Protein chains: 2
Amino acid sequence: MKNKKNTPTTAELEILNVLWEDEPRSVKEIHKELSKVKNVGYTTTLKIMQNMTAKGMLDRKPEGKCHLYFTNIPKTDTQQNLINRLVDSAFGGSASSLVMQLLGNKKTSEKELNEIKRIIEEIEKNQ
Amino acid sequence: MKNKKNTPTTAELEILNVLWEDEPRSVKEIHKELSKVKNVGYTTTLKIMQNMTAKGMLDRKPEGKCHLYFTNIPKTDTQQNLINRLVDSAFGGSASSLVMQLLGNKKTSEKELNEIKRIIEEIEKNQ
DNA sequence: TTTTTATTACGAAAATTGTCGTATATATTT
DNA sequence: AAATATATACGACAATTTTCGTAATAAAAA
């Protein structure tokens, strides 16, 4: 199986997000969460989680009569990978170009902007 | 045809990037560029560009015996759309969270960091 | 006007992802 | 033990994307 640990598909990312919030969890619980925002069959969720396990994205341990699944990659690793891919594929490798685009967007709220400024200051302090 | 103008696939984005650099251009020229970094048949490039035209992503005009293609969506619109999707799908809708991840990454060079700081200052001035 | 060359159109297959129905297995209840 | 319920395994189909071979068209050369 190819190593695609860090590049989840859309459906896989949805599952990872639920797990990162609280893990380990059973397929049943994951599916219950997904059902709140999405119409999808139980076996679909199960199948995707099995695929993810085969890819090494998830792992699982038996617990009573069912399995508890947990992620095998840190959230930040995946996030970093997704950002890097976006920077490379759509911003010519320039991270600053991405940030510029992000900040120029009206949808980035005042609150978000202030938060970002705070982060920059934080970084400068530690330099 | 569904409106997927702003959400190009990987192969489509590669073509868009070449066009945004200099347009309009013929399939032949686009394919020549792609061939520098990718093994792909001429008719593959052609087909994808035809698909993109059908989706409204590209347009074309006859020029002599061939066609010159040009993009039908601004680069920034597509970039913004891709960022928004990433923010929503992997950062819980928080743009600042994405920036934090980006800045915390060692791969973001000193030069990039300074550039980003400059952008922030620029934004603050205009506030 | 044939022949050659260059460009486009089209169809179809491969790869990937997402979907779920059905079967199997295991436990719980009656 | 038989019936019921719960969880997993598996196969198959649908949708999308990527791939390219081949045919058709049009232009240029011989």
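Convention: sequence-line order gives letters A, B, ...; per-chain numbering from 1. Note that this is a predicted model, so its numbers are computed, not measured.
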Respond yes when some side-chain nitrogen or oxygen of [X] is under 4.0 Å from OP1 or OP2 of [N], and no when none is.
X	N	result
B/Gln50	C/dT8	no
B/Arg60	C/dA9	yes
A/Lys38	C/dT19	yes
A/Tyr42	D/dT6	no
B/Thr44	D/dC20	yes

Nearest non-hydrogen partners of A/Leu13 and B/Ala90, listed with the distance
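For A/Leu13 and B/Ala90, the tightest heavy-atom pair comes out as CD2-CB, 4.0 Å.
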Gap between atoms [atom1] and [atom2], on [X] and [N] respectively (whole Å):
X	N	atom1	atom2	answer
A/Ile48	C/dT16	CD1	P	16 Å
A/Leu46	C/dG21	CG	P	13 Å
A/Ile30	D/dA7	CD1	P	14 Å
B/Tyr69	C/dT8	OH	C1'	8 Å
B/Lys47	D/dA23	NZ	P	16 Å
B/Lys32	C/dT7	NZ	C1'	17 Å
B/His67	D/dA27	NE2	C1'	14 Å
A/Asn51	D/dC10	CG	C1'	11 Å

So, applying side-chain contact (heavy atoms from CB on, under 4.5 Å) with B/Tyr69, which one of B/Ile30, B/Thr53, B/Ile15 is it?
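The side-chain contact (heavy atoms from CB on, under 4.5 Å) with B/Tyr69 is passed solely by B/Thr53 among B/Ile30, B/Thr53, B/Ile15.
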With heavy atoms under 4.0 Å as the rule, sort [X] into base, sugar-phosphate or nothing.
X	answer
A/Lys28	sugar-phosphate
B/Thr10	sugar-phosphate
B/Thr9	sugar-phosphate

Quick one: which of D/dT22, D/dT8, C/dT7 gets closest to the side chain of B/Cys66?
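It is C/dT7.
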With no hydrogens and no angle check, just 3.5 Å: does a side-chain donor-acceptor pair link [X] and [Y]?
X	Y	value
A/Glu29	A/Ser26	yes
B/Asn84	B/Gln80	yes
A/Thr76	B/Gln101	no

Quick check on DNA chain C: between A/Lys65 and A/Asn39, whose nearest nucleotide comes earlier from the 5' end?
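With A/Lys65 and A/Asn39 compared, the 5'-side residue is A/Asn39.
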